[in-house]
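One structure below.
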Amino acid sequence: MKTLSIIRPDDWHLHLRDGPGLASYVAATARQFARAIVMPNLVPPVTATERARAYRERILAALPDDMAFEPLMTLYLTDQTSPEEIRQARASGIVKGVKYYPAGATTHSDSGVTRVEKTYNALAAMEESGLPLLVHGEVVNDEVDIFDRERIFIDQILEPLTVRFPALKVVLEHVTTKDAVGFVKAASDRMAATITVHHLMLNRNAMFKGGMNPHHYCLPVLKREIHRQALLEVAVSGHPRFFLGTDSAPHPRHAKESACGCAGIFSAPAAIELYAEVFDEAGALDKLEGFASRHGPAFYGLPVNDDHITLVKRPWTMPATIPCGTEEVVPLRAGGEVLWSLAHGSHG
Ligand code: DOR
Ligand code: ZN
């Protein structure tokens, strides 16, 4: 049977939410990942270090006793975020990045940035202190076609930002287009990108196959096949500035299967297994460890993990739904076969 042992991976983009589902979401991630960059789009958002500290404690309290996991916290950038707040975040040691949501771009982004100019003082403090900016790269202008929002954000906002703040470390999160891949490749070594497993596996047809499928709706939205190909190519190329970030984002089933279904895909129940499937299909299993376990820590200036996981090419069936607190959530690959398994004993 085909097996693969790699340094334990980390997830550089994750939504854990808060409240009754938290314990299930943390466990789903901690069974495979040692650490995760935890997104701050709670209600209310995590806009200050003290909130990040309290959220971190809730996450650790929800972690099952037999699991190890380190949440890497983020702050939610607003028009009001002060340079002093940034300095406090940096000094805390627990905050590893600051998340830029354009206001209205996605789930719980209403408190996000209305005009990039309003964040210049905060960005200058981040540039000075070395705290990375984690970017949801989509414009929100209603006149812009939803499939073009990432490309236009890069042209209008991100590229000028890198000129104004050349030493600022930036992660362009969940890249979805060949344009984003090209931009990050051409940028300096202060610019990196995360790639989700769903954007590697699926193109936009998946949202409409056999009827409308809200469980494949996420933001940035799935794109054309040529874009998926570009993501796959760079992910398996071994490029050190592209790394794993699931953007696993659980929503209760009723909130997805609704007249106004929300964006987000719950991939944590099979994340590393599905990345293994993608890399295996591309004949590039030897590149999985770099992408999942080495490139992220190198960019964030953290050590790689000191233990390993073993993946086995042994199929199993993903349940149709997963109970999470008081809700049920439909995971990625629901009811379908996942070709790779995490070997027993490699749980965190
Ligand atoms: O699909 C998404 N879901 N994209 C995001 O940017 C946010 C996330 C969420 O919080 O559910
Ligand atoms: Zn996200």
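Counting convention: from 1, in listed order, for ligands and their atoms alike.
At a heavy-atom distance under 4.0 Å, no atom of E138 approaches ligand 1. Heavy atoms of M39 found under 4.0 angstrom from ligand 1: none, in either backbone or side chain. Using a 4.0 Å cut-off between heavy atoms, C218 contacts ligand 1 through both its backbone and its side chain.
With respect to atom 3 (N) of ligand 1, the closest heavy atom belonging to the protein is A263 O, 3.0 Å. Here the protein heavy atom with the shortest distance to atom 9 (C) of ligand 1 is R17 NH2, 3.3 Å.
Around the Zn ion (ligand 2), the protein contributes the following N, O or S atoms under 2.8 Å, ordered by chain and number: H13 NE2, H15 NE2, D247 OD1.
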Show every donor-acceptor pair shorter than 3.5 Å between a side-chain atom in residues 54-64 and any protein atom, with sequence neighbours excluded, or say none if there are none.
residue : atom : partner : partner atom : Å
Y55     : OH   : R17     : N            : 3.4
Y55     : OH   : R17     : O            : 2.6
R58     : NE   : D18     : OD1          : 3.0
R58     : NE   : D18     : OD2          : 3.3
R58     : NH2  : D18     : OD2          : 2.7

Donor-acceptor list for residues 231-240 side chains, cut-off 3.5 Å, not counting sequence neighbours:
residue : atom : partner : partner atom : Å
S237    : OG   : V234    : O            : 2.7
S237    : OG   : H239    : N            : 3.2
H239    : ND1  : R241    : N            : 3.0

request  = Take D280 and L288 through the test side-chain contact (heavy atoms from CB on, under 4.5 Å) and record every step on the way to the result.
outcome  = CA-CA 9 Å; D280 189 20; L288 184 61; over 6 Å; no
message = Test ring-ring contact (aromatic ring centres under 6.0 Å, His included) on H174 and H13; report intermediate values, then the result.
response = CA-CA 8 Å; H174 41 54; H13 183 130; 5.0 Å; yes
Derivation of the salt bridge (Lys or Arg N to Asp or Glu O under 4.0 Å) call for R253 and E327 = CA-CA 8 Å; R253 179 179 186 158; E327 303 285 357; over 6 Å; no
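Within the structure, salt bridge (Lys or Arg N to Asp or Glu O under 4.0 Å) pairs that include any residue of residues 263-275 comprise R31-E273 (at least two apart or interchain).
When T196, I265, L219 are ranked by how near their heavy atoms come to atom 4 (N) of ligand 1, first place goes to L219. Distances from atom 10 (O) of ligand 1 to the heavy atoms of N41, V221, T106, D247 put N41 nearest.
Those atoms of ligand 1 that come under 4.0 Å of a heavy atom in H251, given as number and element, are 9 (C), 11 (O). Close approach of ligand 1 to A249 is summarised as follows: ligand atoms under 4.0 Å from at least one heavy atom of the residue are 3 (N), 8 (C), 9 (C), 11 (O). Those atoms of ligand 1 that come under 4.0 Å of a heavy atom in H136, given as number and element, are 6 (O).
Taking the six-membered ring where tryptophan is involved, the planes of Y101 and Y76 are tilted, since the angle between them lies from 30° to 60°. In this structure, F153 and Y100 have perpendicular ring planes: the angle between them is above 60°, well past the 30° mark.
For the pair R224 and F147, the cation does not sit on the ring face, since its NZ or CZ is not both under 6.0 Å from the ring centre and inside 45° of the axis. Because its NZ or CZ atom is both nearer than 6.0 Å to the ring centre of F299 and within 45° of the ring axis, K169 counts as a cation-pi partner of that residue.
A ring pair (Phe, Tyr, Trp, His ring centres under 6.0 Å) with F291 is found for one member of F242, F243, W12, Y275 and no other, namely Y275.
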